[in-house]
Amino acid sequence: MEYTQLGRTGLKVSRLVLGTMNFGPQTDEADSHAIMDAALDAGINFFDTANVYGWGENKGRTESIIGNWFAKGGDRRDKVVIATKVYGNMSPDNSSVWPNHDKLSAVNIRRAVDASLKRLRTDHIDVYQFHHIDRATGFDEIWQAIDVLVQQGKILYVGSSNFPGYKIAQANEAAARRGGTIGLVSEQCLYNLAERRAEMEVIPAAQDYGLGVIPWSPLHGGLLGGVLKKQAEGGRRASGRAADSLNDPAVRTQIQAYEDLLDKHGLEPGEAALAWLLTRPGVTGPIVGPRTAGQLESALRAVELELGEEVLAGLDEIFPGPGRSPEAFAW
């Protein structure tokens, strides 16, 4: 496994991030523990989760599965950089949210941290991430709450998720004005070959402010994982985002060209999509969310995969990025 610094920090993390969103809803606890053991054995030390994972009436279940795995001992907790998130409400019914039980008020941040620590069965969270922007709460209030938690030793670093570039700037400028607050150190965003809009504003902002970029959905819901070939061979049919995208003839043609290019070079689509992200400036490591140990093994091969110039040029031709800002939309 290869390692890199998380943004401008001294924290060393693996170039692949283990996503745990499937733990609970799709993968039972025993299999989830086996996947985490395999990931740690392979050198993956960066695990990502969120307080709402488990979903519906099972919100928090994923953190509990991880906490039970930590409790098995064997230096599991000491070897893992654990990242979780705050923002969403923990009510089983999203329509029945009690006031101050969601988003980024100081009250909810304090409550959510303590609840996550209890479920994770740990005394600290390494990277605490804002799952979304909160338009009703100013960053002075947010950073004041974070400063207290850092002083208490409950969290070490803070990251963002799904932030636009201007919010990254606002957050870190507010942190700088306070003095003594390190500010955001990472941004977790939707970024892959099929969705490159982050290159226009989010990634440049992250690079300028020293944030590590952690792409989520690196296979775009399975669209970049060889979906057409699997369908042709009678395998698992596309669902969710991938199925919706393939209803567009232009997208289907694009994905066919993508799979043909990689087949020509003897490359597996899913592995190549991950390897491409590892070549991108500012990227710390993509989040892989295996449902099975076999899917984890495939993701691990991407770290050692080197894409040649012809392949990289072909991928850019099939999936052109948005271009630099502001030239992409101005003179």
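Heavy-atom basis, side chains included; hydrogens, waters and symmetry copies ignored. Model, not experiment: these values are computed from the prediction.
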**Message:** Which heavy atom of Met200 sits nearest to which heavy atom of Pro322, and what is that distance?
**Reply:** CE-CB, 3.4 Å

**Message:** Is it the case that the side chains of Ser161 and Gln129 hold a donor-acceptor pair, with the cut-off being a distance below 3.5 Å and no angle test?
**Reply:** no

**Request:** With the side chain counted from C-beta on, respond yes when Lys59 and Asn89 share a heavy-atom pair under 4.5 Å apart, and no when they do not.
**Result:** yes

**Message:** Within this structure, what is the CG-CG distance for the pair Leu18 and Leu296, rounded to the nearest 0.5 Å?
**Reply:** 7.0 Å

**Message:** Salt bridge or not between Asp134 and Lys167? Use side-chain N to carboxylate O under 4.0 Å.
**Reply:** no

**Item:** Residues, nucleotides or ligands: over 12 heavy atoms within 6.0 Å of Arg8 CZ
**Value:** yes

I'd like a table of donor-acceptor pairs (distance under 3.5 Å, sequence neighbours excluded) in which one partner is a side-chain atom from residues 265-277, with atom names and distances.
from: Glu271; atom 1: OE2; to: Ser298; atom 2: OG; distance (Å): 3.3
from: Glu271; atom 1: OE2; to: Arg301; atom 2: NE; distance (Å): 2.9
from: Glu271; atom 1: OE2; to: Arg301; atom 2: NH2; distance (Å): 3.0

**Side-chain donor-acceptor pair present, Glu199, Tyr191, cut-off under 3.5 Å** = yes

**Minimum heavy-atom distance Val127-Gly159, with the two atoms named** = CG1-N, 4.1 Å

**Shared hydrophobic cluster for Tyr128 and Trp143 (ILVMFWY, side-chain gaps under 4.5 Å)** = yes

**Asked** What's the spacing between Ile155 CD1 and Leu149 CG if we round to 0.5 Å?
**Response** 5.0 Å

**Request:** Would you kindly check if the NZ (Lys) or CZ (Arg) of Arg121 is within the cone defined by 45 degrees around the ring axis of Phe70 and under 6.0 Å from the six-membered ring centre?
**Result:** no

**Request:** Answer yes if the side chains of Tyr53 and Lys85 hold a donor-acceptor pair under 3.5 Å, and no otherwise.
**Result:** yes

**Asked** Distance-only, no hydrogens or angles: does the Asn22 side chain make a donor-acceptor pair with backbone N or O of Gly289 under 3.5 Å?
**Response** yes

**Message:** Is it the case that the side chain of Arg76 and the backbone of Gly73 share a donor-acceptor pair, with hydrogens and angles ignored and the cut-off at 3.5 Å?
**Reply:** yes

**Request:** Take Val202 and Ile168 through the side chain to side chain contact (heavy atoms under 4.5 Å, CB included) test and state the conclusion after the steps.
**Result:** CA-CA 8 Å; Val202 175; Ile168 291 172; 4.2 Å; yes

**Item:** Nearest non-hydrogen partners of Val17 and Gly285, listed with the distance
**Value:** CG2-O, 3.6 Å

**Asked** What's the spacing between Ile133 CD1 and Phe139 CZ if we round to 0.5 Å?
**Response** 8.0 Å

**Request:** Please test Leu190 against Arg197 for side chain to side chain contact (heavy atoms under 4.5 Å, CB included), starting from the C-alpha separation and ending with a verdict.
**Result:** CA-CA 9 Å; Leu190 176 60; Arg197 284 178 293 179; 5.6 Å; no

**Fill in**
Rounded to the nearest 0.5 Å, the OG1 atom of Thr279 sits from the CG atom of Leu312 at a distance of 5.5 Å

**Message:** With a 3.5 Å distance limit and no angle check, can you tell me whether His33 reaches the backbone of Ile65 through a side-chain donor-acceptor pair?
**Reply:** yes

**Prompt:** If every non-hydrogen atom of Asn68 is compared with every non-hydrogen atom of Arg61, which pair is closest and at what distance?
**Reply:** ND2-NH1, 4.5 Å

Under 3.5 Å, which donor-acceptor pairs do the side chains of residues 172-182 form with other protein atoms, sequence neighbours left out?
from: Asn172; atom 1: OD1; to: Leu184; atom 2: N; distance (Å): 2.8
from: Asn172; atom 1: ND2; to: Leu184; atom 2: O; distance (Å): 3.4
from: Glu173; atom 1: OE2; to: Tyr209; atom 2: OH; distance (Å): 2.7
from: Arg178; atom 1: NE; to: Asp147; atom 2: OD2; distance (Å): 3.2
from: Arg178; atom 1: NH2; to: Asp147; atom 2: OD2; distance (Å): 3.0
from: Thr181; atom 1: OG1; to: Asp147; atom 2: OD1; distance (Å): 2.9
from: Thr181; atom 1: OG1; to: Asp147; atom 2: OD2; distance (Å): 3.0

**Message:** Regarding Arg291 and Asp31, does a basic nitrogen lie under 4.0 Å from an acidic carboxylate oxygen?
**Reply:** no

**Asp140 versus Gln144, side-chain donor and acceptor atoms under 3.5 Å** = no

**Asked** Hey, is CD on Glu310 packed in by over 12 heavy atoms from elsewhere, all under 6.0 Å?
**Response** no

**Request:** Could you tell me whether the side chain of Glu259 and the main chain of Val227 form a donor-acceptor pair under 3.5 Å?
**Result:** yes

**Request:** For Asn100 and Ser105, indicate whether the former's side chain and the latter's backbone hold a donor-acceptor pair under 3.5 Å.
**Result:** no

**Asked** Considering residues, nucleotides and ligands other than Glu57, do more than 12 of their heavy atoms fall under 6.0 Å from its CD?
**Response** no

**Request:** Check the pair Arg196 / Asp316 against salt bridge (charged side-chain N to carboxylate O under 4.0 Å, His left out), numbers first and verdict last.
**Result:** CA-CA 11 Å; Arg196 296 179 60 172; Asp316 269 337; 2.8 Å; yes

**Message:** Could you walk me through whether Leu117 and Lys154 satisfy the side chain to side chain contact (heavy atoms under 4.5 Å, CB included) test, starting with their C-alpha distance in whole Å, then the side-chain angles of each, then the deciding distance to 0.1 Å, before giving a yes or no?
**Reply:** CA-CA 8 Å; Leu117 288 171; Lys154 293 182 178 180; 4.0 Å; yes

**Message:** Given 3.5 Å as the limit, does a donor-acceptor pair link the side chain of Asp126 with the main chain of Ile82, or not?
**Reply:** yes

**Request:** Working to the nearest 0.5 Å, report the span between CG of Leu104 and NE2 of His132.
**Result:** 10.0 Å

**Prompt:** Just wondering, are more than 12 heavy atoms of other shown residues or ligands nearer than 6.0 Å to NZ in Lys118?
**Reply:** no

**Asked** CD of Gln5 to OG1 of Thr284: how many Å apart, nearest 0.5 Å?
**Response** 10.0 Å

**Item:** ring-ring contact (aromatic ring centres under 6.0 Å, His included) between Phe23 and Trp69, intermediate numbers included
**Value:** CA-CA 12 Å; Phe23 294 176; Trp69 181 76; 9.3 Å; no

**Asked** Do the side chains of Ile66 and Thr49 get nearer than 4.5 Å, heavy atoms only?
**Response** yes

**Asked** Val158 and Ile146: which non-hydrogen atoms are nearest, and at how many Å?
**Response** CG2-CG2, 3.4 Å

**Prompt:** Is there a donor-acceptor contact under 3.5 Å from the side chain of Tyr258 to the main chain of Ile318?
**Reply:** no

**Message:** Which heavy atom of Gln256 sits nearest to which heavy atom of Leu228, and what is that distance?
**Reply:** OE1-CD1, 3.5 Å

**Exercise: do Ser116 and Glu63 side chains pair donor with acceptor under 3.5 Å** = yes

**Request:** Assess whether side chain to side chain contact (heavy atoms under 4.5 Å, CB included) is satisfied between Trp216 and Asn162, documenting all intermediate values.
**Result:** CA-CA 10 Å; Trp216 62 265; Asn162 307 305; 3.0 Å; yes

**Prompt:** Checking Ser14 side chain against Asn45 main chain: does a donor-acceptor pair fall under 3.5 Å?
**Reply:** yes

**Message:** Side chains of Thr62 and Thr20 only: does a donor on one sit below 3.5 Å from an acceptor on the other?
**Reply:** no

